[in-house]
Amino acid sequence: MFKRLLLSVATFVFALIAAGQETKKIMLVIHGGAGTINRSNMTADREKEYRAALEQALHIGQAVLVKGGTSLDAVEASVRFMEDSPLFNAGKGAVFTHEGKNELDAAIMDGKTKKAGSVAGVTIIKNPITAARAVMEKSQHVMMASRGAELFATKMGLEIVDPSYFWTERRWKALQDELVKEQQGKPQAELERAPENRFGTVGAVAVDQYGNLAAATSTGGTTNKQYGRIGDSPVIGAGTYADNESCAVSATGTGEYFIRWTVAHEIAALMKYKGLTVQQAADQVINKTLKAVPGADGGVIALDAKGNFAMPFNTEGMYRGWMGADGVAHVSIYGD
Ligand code: ASP
């Protein structure tokens, strides 16, 4: 009798543990931008570099999750790594504005509390994603821009660099090419929209062992942007969003459309109010809604609190990858 009771208590405890483990599936998904990425405009060496960088970004974020760290810490760590790499259009590899400057945007959001922080148009903050997190955690505000954001970051003790830190030959050359095309009479809007001018934005979404989601995005925006143009990345609900009840999203693409179609929130809303899966919701917005709009090109990474995710894009390629608890890196670039 006592033995049987003991057995059923043990079964109950095991069932509880198993149920608990089911909701504790960690997952990290990242992107490094979408655009005209195909084998014809990629050298083998460059492809190797991108794959290695994406893998490292995955390992860095996943290590945080495996150690019991939060999804916020994981997405920040992965994005910081990509910001420090000259390969991506974020931080060190940011594209140039029309005036030959680097103006960076970034955002982060916590799916548990729905707290969010973002910075826009900053020029001296080495890691804009960390500044966005400081806005979220250490201020009353959600979004800070330009000089104000820089003053705040300085006050918070974040790493400040000379604007020349962001200069890279490759991005400078891209701006010069655009300026030449501009002189030849191509309309500004068309130049900014050209997908080859802006791939490389970075983002990460993660779920931690506590079942909490987070999203982070960082970018230099679009080559040759003018007049303090801000894209979708730092706009909560457009390029970045996280809500434990639906999903975490980080977007990349022509920001103007992602703002107008509130892409990240639209995906979350389709899940929350229409009961779509994360794959269905992300596909709907990227491959149906936006695909029907000329110029609305790009992609997203989207992840729910159970670890299900989607990585749709309507461009030729998107740097992307994911890693679960087993630590195996899955990285893809093209449309296969
Ligand atoms: N979405 C970014 C922006 O418009 C650019 C990109 O993702 O490539 O600023």
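We count ligands from 1, going down the list as the structure has it; atoms in each ligand are counted the same way. As the structure is a prediction and not an experimental result, all values here were calculated from the model.
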message = Checking the N or O distance criterion of under 3.5 Å, is ligand 1 in contact with Thr252?
response = yes
ask   = Which part of Glu103 is near ligand 1, with near meaning a heavy atom under 4.0 Å away: side chain, backbone, both or neither?
value = neither
message = I want to know if ligand 1 touches Thr201 in the polar sense, i.e. an N/O pair below 3.5 angstrom.
response = yes
request  = Would you please classify the geometry between the Tyr319 ring and the Phe88 ring as parallel, tilted or perpendicular, with 30° and 60° separating the classes?
outcome  = perpendicular
key: For atom 2 (C) of ligand 1, the option (of Gly299, Gly231, Gly253, Gly298) bearing the nearest heavy atom   = Gly253
query = Can you list the ligand 1 atoms lying under 4.0 Å from a non-hydrogen atom of Asp232?
reply = 1 (N), 2 (C), 3 (C), 4 (O)
query = Do Thr254 and ligand 1 have an N or O pair less than 3.5 Å apart?
reply = no
task = Would you mind checking if Lys173 and Asp177 are paired as a salt bridge, meaning a charged N to carboxylate O distance below 4.0 Å?
result = yes
note = Per-atom filter on ligand 1: closer than 4.0 angstrom to a heavy atom of Gly221 are 9 (O)
inquiry  = Going by the rule salt bridge (charged side-chain N to carboxylate O under 4.0 Å, His left out), which residues pair with Asp73 if we only count those two or more places apart in sequence or in a different chain?
reply    = Arg133
Thr97 side chain to Gln226 side chain, donor-acceptor N/O pair below 3.5 angstrom = no
key: Sub-3.5 Å N/O-N/O distance, Asp105 and ligand 1   = no
task = May I ask you to say whether Asp297 pairs ionically with Lys291, meaning some side-chain N is under 4.0 Å from a carboxylate O?
result = no
request  = Using distance alone, determine whether Ala251 and ligand 1 share an N or O pair under 3.5 Å.
outcome  = no
ask   = Just checking, any donor-acceptor pair under 3.5 angstrom between side chains of Thr130 and Arg80?
value = yes
ask   = Hey, does the Lys NZ or Arg CZ of Lys92 hover above the aromatic six-ring of Tyr165, less than 6.0 Å from the centre and inside 45° of the axis?
value = yes
ask   = Could an N or O of ligand 1 be found under 3.5 Å from any N or O of Gly255, whether backbone or side chain?
value = yes
inquiry  = For Asp304, give me all partners under salt bridge (charged side-chain N to carboxylate O under 4.0 Å, His left out), at least two apart in sequence or on another chain.
reply    = none
Numbered atoms and elements of ligand 1 in range of Arg229, under 4.0 angstrom, heavy atoms = 3 (C), 4 (O), 9 (O)
